[in-house]
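Here's the structure we're looking at; comments come further down.
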Amino acid sequence: RLRVLGEYWEATSQLRAEHCRIASLVTARENLEEEIRAFDTATSDPSRFKRRGYSGVEENKKRVEHQKRLRLLDASLAQATDQWSRNQKVPFMVNGAEYVNPTV
């Protein structure tokens, strides 16, 4: 009986670790979305052109960096949640609700 319990514990621990990894990707995406919204708000202010040290080149680099990070996170999330669904035969859940990738 202890052997069976040990095997069950090991499988459950691995499942939890995978869930935590995917949940951290979800959190990272949410944080990045918040960062992008704040950036978009700041870059929609026309008075930014008059500020000392304003650089349109730096602004564009930051925008490109945000988009690149977002694409990477979306790709990782799509792959991880698809694999979870295939392996577990249930959708990936976050806070009791099915996680739906916003880009799909």
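Keep in mind the model is a prediction, meaning the values are calculated, not measured. Here, residue 1 is the first one in the sequence, and each next residue gets the next number. Reckoned from all heavy atoms, side chains included, excluding hydrogens, waters and symmetry mates.
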Please determine whether the number of non-hydrogen atoms from other residues, nucleotides or ligands lying under 6.0 Å from atom CG of Asn87 exceeds 12. yes
Straight-line distance of [X] [atom1] to [Y] [atom2], nearest 0.5 Å:
| X | Y | atom1 | atom2 | result |
| --- | --- | --- | --- | --- |
| Glu30 | Glu35 | CD | CD | 14.0 Å |
| Gln88 | Thr81 | CD | OG1 | 13.0 Å |
| Cys20 | Leu25 | SG | CG | 11.5 Å |
| Ser85 | Tyr99 | OG | OH | 12.0 Å |
| Ile36 | Thr41 | CD1 | OG1 | 11.5 Å |

Is there a side-chain contact between Val4 and Trp9 in this structure, where contact means two heavy atoms from C-beta onward sitting under 4.5 Å apart? no
Answer with yes or no whether the hydrophobic clustering places Val100 together with Leu32; edges join I, L, V, M, F, W, Y residues whose side-chain heavy atoms lie under 4.5 Å apart.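 No, no single cluster joins them.
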May I ask whether Ile22 and Val90 are part of the same hydrophobic cluster, defined by side-chain heavy atoms of I, L, V, M, F, W, Y residues being less than 4.5 angstrom apart, directly or through others? yes
Check the pair Arg37 / Glu34 against salt bridge (Lys or Arg N to Asp or Glu O under 4.0 Å), numbers first and verdict last. CA-CA 5 Å; Arg37 278 192 294 275; Glu34 189 175 307; 5.1 Å; no
Working note: Glu18 + Gln14, criterion side-chain hydrogen bond (donor to acceptor under 3.5 Å, both in side chains); need CA distance, chi angles, decisive distance, verdict. CA-CA 6 Å; Glu18 180 63 10; Gln14 289 175 354; over 6 Å; no
Before accepting this row, confirm whether a basic side-chain N of the pair Arg51/Asp45 lies closer than 4.0 Å to the acidic partner's carboxylate O. yes
Is any side-chain N of the basic residue among Glu59 and Lys62 closer than 4.0 Å to the acidic one's carboxylate O? no
Please report, to 0.1 Å, the donor-acceptor pairs under 3.5 Å made by any side chain of residues 68-80, with sequence neighbours excluded.
{"unit_1": "Asp74", "atom_1": "OD1", "unit_2": "Arg29", "atom_2": "NE", "d": "2.3"}
{"unit_1": "Asp74", "atom_1": "OD1", "unit_2": "Arg29", "atom_2": "NH2", "d": "3.2"}
{"unit_1": "Asp74", "atom_1": "OD2", "unit_2": "Arg29", "atom_2": "NH2", "d": "3.3"}
{"unit_1": "Ser76", "atom_1": "OG", "unit_2": "Leu72", "atom_2": "O", "d": "3.1"}
{"unit_1": "Gln79", "atom_1": "NE2", "unit_2": "Gln83", "atom_2": "OE1", "d": "3.1"}

Please answer whether the main-chain N or O of Met93 pairs with a side-chain N or O of His19 as donor and acceptor at a distance below 3.5 Å.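 Yes.
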Does Asn101 form a side chain to side chain contact (heavy atoms under 4.5 Å, CB included) with Phe92? I'd like the steps, not just the answer. CA-CA 10 Å; Asn101 194 334; Phe92 184 76; over 6 Å; no
Who are the salt bridge (Lys or Arg N to Asp or Glu O under 4.0 Å) partners of Glu7, not counting sequence neighbours? Arg3
Distance-minimising heavy-atom pair for Ser44 and Pro46: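 Closest approach of Ser44 to Pro46: O-CD, 3.2 Å.
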